[in-house]
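See structure below.
In this chain, numbering begins with 1 at the start of the sequence shown. Counting starts at 1 for both ligands and their atoms, following the listed order.
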Amino acid sequence: MHNFDIETGKIKLQRNTPQETVLGKFSSISMSQKLKVHFLSAECYPAAKTGGLADVVGALPKYLAKKDVDVAVFMPKYHMRWFFDKPFVPEYQGGFQMGFEYINFQVERLDIEELGFYMYVIDIPGKFDRNGVYADASTGIFFGDEVERNISFQRAYLSFVNTWTELPDVIHNHDHHMGLIPFMMKHCNEFEKLKPIPSVFTIHNQAYQGVFEWDKKYLIPSYDIWNEGMLDWSGKINPLASSVKCAWKVTTVSPSYMEELKRNSFGLEWLFNTESQKSRGILNGIDTEVWDPVSDTYLDNKMDDDLGSFKLANKKKLLAASRLDPNRALIAFIGRFAGEKGADLLYFIIEGAINSGCKANFIILGTGDKGVESGVKFLSEKHPDRVLAHLTYNEKLSHEIYAGSDYILMPSRVEPCGLNQMYAMRYGTIPIVHNIGGLKDSVKDIRGNDGTGFKFSGLENTKIVEKIILANDLFEDQERLAIIRDNAVSQDNSWENSASKYREVYDEVIAMKA
Ligand code: ADP
C-alpha cells in the first residue's frame, strides 16, 4: 500500500505483509476509496525512454495520485543501465508455453520511493534482456522478434494478475505493444477471471500498429473462436485495432488527433468512426517537476525573474564551442528523424531560410533516418556559423536546448500530442509549428501581443520559411519578444487538468461495469 504525501509530492511506500505482497499489492483495504489502476507500457521515464510515451507513463501516475488513483506501472525489465543498480524485490515466478517455446518470467517490484508511483518490471530471459527498448543500442538495428516479445510480456502480466484475489479496478494499456491485453482479457479462456476488469487503451502514436500475420496466432493463448474477428484488420492480426475494438474506452493524447484519426489513420478510419462513442482525446500535460527551469539540474543557469537573461545565458553556454553568434535568433529542432516529425524537410527549410537572407541560426538534436542524418550533417558543414547539429540522443542537451533557444521548429506531418512544444514554452522558447494534432491544441497563434507561437497550415517550404522570417522579425523587436515569451511561459501545460479527465474515464468504465 502507499500514501501520497501532498507536501513532497512523493508516494510513501509501506511494507506489504507477505499476504498483501502476493495478493493485495499496492493498495489495500485502508485505501478502499482509491482506485487501483495498472499501467502497461513498453517505456516509462526515467527507466527507459525513446519518446513521449515514456514521459507520459512516468508522469501521469504522479498526478493521478492527487486524484485518488493509485497507479502501478508494469514494464519489461530491459538490460539497460537504469535497471542495473535499482533495488528490485522478486514478487512472483511463472511460466507458460508460447507456441514452441516455454517462457519463464519473474515479476519484480521496485523498492524505492522516488518515482512517485509503484513500478513492477517483468524479467523475461531471452526476450527483454537486451540493451535497448526496440532496437540494439549499439547498432541501432531493430529487434526482429517484436511480436514474440510483446506477446510474451502481455501474457506474463496477465498470468501474474490472474493469481490475485483482489483485482485492479482498471487495466490501462498504452500503445500497440500492449494492444492484445483487452482481447485476451475478454476472450482467452485462461484469463476468464479478468473479464470483468474494465480496460482503457491509450494511443500515443497510431502510425505503429504492431501488425502481424495470422500464421503467428499460435502465440496467443486459446480463445473463443467466434471472436477471432476481434483480432483482425484487413486480413492480419492488428493489436492496435484489436484494442480499439475490445477496450472499454479508447483515448488519444489530444482531441484534434482523435478527430484526425477518423479522417486519416492508415486504413483504420472506419474503425475510429465506428468506435467514436467510446473514444476521447485528452491532451497530454508535462511533468513540471522534471521540466522546471527554476530548478532543472541539467542547467548551469536557472530561471529567475529575468527571463531575457536566463535565455541569453543558456544560449551563450549552448553555443560556446561553436561558431554560431548568440546575438542572433536561435531556432531548434529536437526529435526523431522520422517522416512523422518532418525531419526530412529540415534541409530544405533551413537552406530556404538562409538563402532568403534570414539571419536566424539553427540547432538540431536528433537521430534516426540515415539520409536525414547525412543531410543535416552536410548542412552544418556547409554553414558552420549558422547550423549546429548533434546527431545523438542526449537528455541533458535537450534540456539545454529548450533553455537556450529562442524558437522550437516542429514541421510534423503527424503529431498525436507533441511534448517538445510544451517543454519549450515552459523554458521561454516559442514554438513554430504545423497546425495539426496536439500542436493545434496546445499552441495559440501569435496575433499582435497575444498568442504563444507561430502556426503554419500545410507543409510547403515557402510557408514555413515565411514563419521563420516572422519569428526572426519578432526576435529583433525585443520588447514584443519579451511579451510573447511571457505568454508562453505562463501557459499552464501541467498534468493537473488532464489527470482529472483520465479520472473521469476510469469512473465511466467502472460505472459501465455496475
Ligand atoms: P515522440 O513522437 O517521439 O514520442 P514527443 O514530442 O511526444 O514525440 O516526445 C519526444 C520526447 O523525446 C521529448 O521529451 C523530447 O525532448 C525527447 N527527444 C527526442 N529526441 C531526442 C534526442 N535526440 N535527445 C534527447 N531527447 C530527445
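Contact annotation for Lys49 and ligand 1: only side-chain heavy atoms (C-beta onward) come within less than 4.0 Å of the ligand. Residue contacts with ligand 1 for Lys341 involve side-chain atoms from C-beta outward but no N, CA, C or O (heavy atoms, distance under 4.0 Å). At a 4.0 Å heavy-atom cut-off, ligand 1 does not touch Phe337 at all. At a heavy-atom cutoff of 4.0 Å, ligand 1 is contacted by the backbone of Asn394 but not by its side chain. Residue-level proximity to ligand 1 for Thr50 is absent, since no heavy atom of it falls below 4.0 angstrom.
Separation of atoms NZ (Lys316) and CG (Asn327) is listed at 7.0 Å; rounding is to 0.5 Å.
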Under 3.5 Å, sequence neighbours excluded: what are the donor-acceptor pairs made by side chains of residues 236-247?
residue	atom	partner	partner atom	Å
Lys236	NZ	Glu213	OE2	3.4
Asn238	OD1	Leu240	N	3.1
Asn238	OD1	Ala241	N	2.9
Asn238	ND2	Gln209	OE1	2.8
Ser242	OG	Met230	O	3.0
Ser243	OG	Asn173	ND2	3.1
Ser243	OG	Gly179	O	3.0
Lys245	NZ	Gly229	O	2.8
Lys245	NZ	Asp232	O	2.5

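Arg149 and Glu146 are not joined by a salt bridge, as no carboxylate oxygen comes within less than 4.0 angstrom of a charged side-chain nitrogen. A salt bridge links Lys67 with Glu496: the closest approach of a Lys/Arg side-chain nitrogen to an acidic carboxylate oxygen falls below 4.0 angstrom.
Looking only at protein heavy atoms, the nearest one to atom 10 (C) of ligand 1 is Asn420 OD1, 3.5 Å. What sits closest to atom 3 (O) of ligand 1 on the protein, heavy atoms only, is Arg336 NE, 2.8 Å. Nearest to atom 9 (O) of ligand 1 among the protein's heavy atoms is Gly52 N, 3.2 Å.
Remark: Glu504 engages Arg280 in a side chain to side chain donor-acceptor pair (under 3.5 Å) (not counting sequence neighbours).
Using a 30° and 60° split on the angle between ring planes, Tyr402 and Trp291 fall in the perpendicular class, above 60°.
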